[in-house]
Amino acid sequence: MITMTRLEKVIELIQETRPQRIAVLTGAGISAESGVPTFRGPQGLWRNFRPEQLASPDAFRRDPKLVWEWYDWRRELVRKCEPNAGHAALAELERERPDTTTVITQNVDGLHPRAGSRNIIELHGNLYRARCTQERTVIAFDAPLESIPPMCECGAMLRPDIVWFGESLDSADMDRATHAASEADLLLIVGTSGVVYPAAGLVYVARGTTIEINPDETPLTEQCDWSLQMPSSEALPQLVAAILGRP
Ligand code: OAD
């Protein structure tokens, strides 16, 4: 008797149902194999740093230099990392299906755009953007900062364009994400611990098939139709090949 693995069953399901509209919610786990640290878990950033001391409006008011130095450190770390096979598979899917693929990411590392994804909703901001604290002008930058904290041309201080603890997500971004997740024939939930809302809540609006990809169980596992307990760099290329009808 041949027993199919769970991955093989999911691939067969995709081949049979041929989902057209695909939404993908990603978290830090998709970038873990690129060398970007995750937040939770044994090696996670929040093991060594307290979020409220670095990633909150209060922290920035107290010590903007410390906050900027932390983001500068993370930006330099990510700069040395390359997108992995998981990011590449999602970019490939969008190249083949540009109008029906949406990546909704909690990641601020910019690895999805570097891999070639374009239709991306960056729910938590981006490490390579700053925002004026007065005018809300958004500035993209790539080179290391010349002075910390950086200042806007208007004379006010710039802040990282990141959603901090206690802040709300951009409502237009959240609306687009909710729409994409609810309309999708297939929602993939990749590399997130599923504990930060409202991003984690997107699984509850899904009307199509939901597949979680994460080596560990999360609070979202029960809610998903399928759970593939494996690294995303292995699962995503195979799922994307199945979606695109490739052998
Ligand atoms: P977490 O660090 O909370 O979770 C990362 C998840 O990735 C864990 O569930 C791991 O099991 C999983 N994982 C690890 N390696 C993986 C791999 N190779 N393939 C697939 N999954 C893997 O990160 P997030 O859920 O993204 O907020 O955290 C959510 C938010 O909390 C972040 O956006 C950040 C943080 O505070 C802001 O910065 C605003």
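Note that these values count all heavy atoms, side chains included, but never hydrogens, waters or copies made by symmetry. Whatever order the structure lists ligands and atoms in, that order sets their numbers, starting from 1. We're numbering straight along the sequence, starting at 1.
Residue contacts with ligand 1, taken as heavy atom pairs separated by less than 4.0 Å, involve Val196 solely via side-chain atoms from C-beta onward. The part of Glu33 lying near ligand 1 is the side chain, judged by heavy-atom distances below 4.0 Å. With a 4.0 Å heavy-atom cut-off, ligand 1 is reached by the backbone of Pro231 and by its side chain too. For Trp164, no heavy-atom contact with ligand 1 is shorter than 4.0 Å. Counting heavy atoms under 4.0 Å from ligand 1, residue Gln106 touches it through both backbone and side chain.
Tracing side-chain contacts under 4.5 Å through hydrophobic residues (I, L, V, M, F, W, Y), one reaches Val108 starting from Ile139; they form part of the same cluster.
Assignment of Val108 to the shell around ligand 1 is not supported, since no heavy atom sits closer than 4.0 Å.
Annotation: Thr218 places no N or O atom under 3.5 Å from an N or O atom of ligand 1; distance criterion only. The shortest N or O to N or O distance between Phe39 and ligand 1 is below 3.5 Å. For a threshold of 3.5 Å applied to N or O pairs, the pair formed by Ala28 and ligand 1 contains at least one separation below that value. Not one N or O of Gly27 is nearer than 3.5 Å to an N or O of ligand 1, by distance alone.
The main-chain N or O of Ser233 is never found under 3.5 Å from a side-chain atom of Asn84 such that the two would form a donor-acceptor pair.
Heavy-atom contacts from other residues, nucleotides or ligands closer than 6.0 Å to CZ of Arg79 number more than 12.
Under a 4.0 Å N-O distance rule, the pair Lys65/Glu69 qualifies as a salt bridge. Of the charged side-chain nitrogens involved, none lies within less than 4.0 Å of a carboxylate oxygen, so that Glu92 and Arg97 do not count as a salt-bridged pair. Look at Glu167 and Arg159 and you find a salt bridge, because one of the NZ, NE, NH1 or NH2 atoms lies within 4.0 Å of a carboxylate O, short of that distance. Arg207 has a carboxylate O that lies under 4.0 Å from a charged side-chain N of Glu183, or vice versa, which qualifies the two as a salt bridge.
Cation-pi geometry between Arg74 and Trp70 is satisfied (NZ or CZ under 6.0 Å from the ring centre, within 45° of the ring normal).
Heavy-atom proximity to atom 6 (C) of ligand 1, evaluated over Gly41, Pro51, Gly191, Pro219, is greatest for Gly191.
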